[in-house]
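Here is the structure we will look at, set down as structure tokens.
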Amino acid sequence: MSDSLFCVKDKVTVVSGGSRGIGRAIAQGFAQRGAKVVITGRDATTLTATAQELSTPDVTVLPVVCDVSKPEDIQRAVAEIIEKCGHIDVLVNVAGVNIRKPSEAFTPEQYDFVVDINLKGAFFMSTEVGKRMIAAGSGSIINVDSLNTYAPLKNVAPYAMSKAGVVMMTRSHALEWGPKGVRVNTIAPGFILTDLTKKLWSNETMQEWGMTNTPLKRLGRPEDMVGAAIFLASDAAAFMTGQIMRVDGGFTAGLNWPIPADGGQ
């Protein structure tokens, strides 16, 4: 028996970075529940193929090419979505990149690449869509941050900095837009196994460390993010804004140190 409290049917939902990984899983989750889904991404070929794969007999997923590091691209893409869909009910900012290397080895171009997509892109996508939501008096924006907003991981400083900025952006927009009917929250995934991270997590040392420090004893899957996104987009979260939902298998619950079973006594 369905519960309308968690219903996202017919909600126009835009997922940036929706062609792969977490974005693809979230887009599929909304489409399977009857939402009108739009996915954006930089590569037209991949984006179109994903949209076709995610479409169902009842729901057509719309691909719109957009490089979120370019504000002019965002303006064009949002205008196209409004023209085709009329309005936007939900925005999920997933588009993100990472480069793993020591801080002193970063070039200005690499720094800009990470920050322009992860933070600047999310900001201008939010404001461009937010204008429409404010005018409509309603809307839900869901940002995606990271474990790095709990504690930074080594050798990903620009990524951690960009995601910390996403949290402050989320809270700032929640303060500014809450009185205007727009809710803004963020999902913080744990370690998620995607095509981009398979090589990293195939390392046995990394696997052992991840399993040791995640109470649920597994890596996350992109589809593990769907429930949180559906919840935040629905009326079930009507009194939630400015919040971080950590979907991390318990990683941030505490430090799992190698103390003996007897407590070292």
Side-chain angles (χ1 to χ4, degrees), residues 2 6-70 73-74 76-98 117-118 121-122 125 128-129 140-146 186-187 189-202 218-234 245 247:
S2 62
F6 298 91
C7 181
V8 294
K9 190 177 188 309
D10 295 327
K11 287 184 181 290
V12 177
T13 302
V14 178
V15 182
S16 77
S19 65
R20 62 186 181 184
I22 291 174
R24 177 193 172 104
I26 289 175
Q28 184 174 32
F30 275 84
Q32 289 173 338
R33 288 159 181 81
K36 299 176 181 177
V37 178
V38 181
I39 58 173
T40 74
R42 290 176 289 166
D43 184 79
T45 301
T46 303
L47 194 68
T48 300
T50 300
Q52 291 173 348
E53 292 165 4
L54 297 185
S55 294
T56 70
D58 300 319
V59 176
T60 299
V61 175
L62 175 68
V64 175
V65 176
C66 178
D67 181 348
V68 297
S69 70
K70 301 175 181 178
D73 240 31
I74 292 174
R76 175 199 51 76
V78 173
E80 180 180 340
I81 295 167
I82 294 297
E83 180 182 354
K84 292 179 177 179
C85 301
H87 65 283
I88 298 172
D89 297 300
V90 181
L91 168 65
V92 190
N93 280 314
V94 186
V97 294
N98 193 7
I117 290 177
N118 294 1
M125 182 64 87
E128 196 65 27
V129 172
S140 173
I141 296 177
I142 304 165
N143 299 314
V144 174
D145 65 273
S146 166
T186 183
I187 296 172
F191 292 112
I192 309 300
L193 188 61
T194 67
D195 289 340
L196 295 180
T197 63
K198 280 182 179 178
K199 183 177 179 180
L200 176 68
W201 289 108
S202 65
R218 68 172 175 87
L219 296 176
R221 298 180 292 264
E223 53 267 32
D224 287 323
M225 303 301 113
V226 173
I230 295 293
F231 167 70
L232 290 174
S234 73
M245 287 191 68
V247 187

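The model shown is predicted, which means the values in this text are computed figures rather than measured ones.
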Rounded to the nearest 0.5 Å, what separation is found between the [atom1] atom of [X] and the [atom2] atom of [Y]?
X: Ile81; Y: Glu128; atom1: CD1; atom2: CD; answer: 10.0 Å
X: Ile26; Y: Asp224; atom1: CD1; atom2: CG; answer: 11.0 Å
X: Thr186; Y: Leu232; atom1: OG1; atom2: CG; answer: 9.0 Å
X: Asn93; Y: Asn143; atom1: CG; atom2: CG; answer: 5.0 Å
X: Ser146; Y: Ile187; atom1: OG; atom2: CD1; answer: 13.0 Å
X: Trp201; Y: Leu193; atom1: CH2; atom2: CG; answer: 9.0 Å

Minimum-distance pair of heavy atoms, taken over all atoms of [X] and [Y]:
X: Arg42; Y: Val65; value: O-CG1, 3.8 Å
X: Lys199; Y: Ser202; value: O-OG, 2.6 Å
X: His87; Y: Ile82; value: CA-CD1, 3.8 Å
X: Thr40; Y: Leu47; value: C-CD1, 3.5 Å
X: Glu223; Y: Ala25; value: N-CB, 3.8 Å
X: Ala31; Y: Val59; value: O-CG2, 3.6 Å

Just by distance, do the side chain of [X] and the backbone of [Y] share a donor-acceptor pair under 3.5 Å?
X: Thr194; Y: Ile22; result: no
X: Ser55; Y: Val61; result: yes
X: Ser69; Y: Asp67; result: no
X: Asp89; Y: Ser140; result: no

I want to check something: taking the side chain as every heavy atom from C-beta on, are [X] and [Y] in contact at a cut-off of under 4.5 Å?
X: Val144; Y: Met225; answer: no
X: Val37; Y: Gln28; answer: no
X: Cys66; Y: Ile74; answer: yes
X: Asn118; Y: Val97; answer: yes

Test salt bridge (Lys or Arg N to Asp or Glu O under 4.0 Å) applied to Lys9 - qualifying residues, sequence neighbours left out: none
Does Ile39 form a side-chain contact (heavy atoms from CB on, under 4.5 Å) with Arg24? I'd like the steps, not just the answer. CA-CA 8 Å; Ile39 58 173; Arg24 177 193 172 104; over 6 Å; no
Test item: side-chain donor near acceptor, Asp58 and Thr56, under 3.5 Å: no
List in chain and number order the residues that pass side chain to side chain contact (heavy atoms under 4.5 Å, CB included) with Thr46, two or more places apart in sequence or in another chain; answer none if no residue qualifies. Ser19, Asp43, Thr50
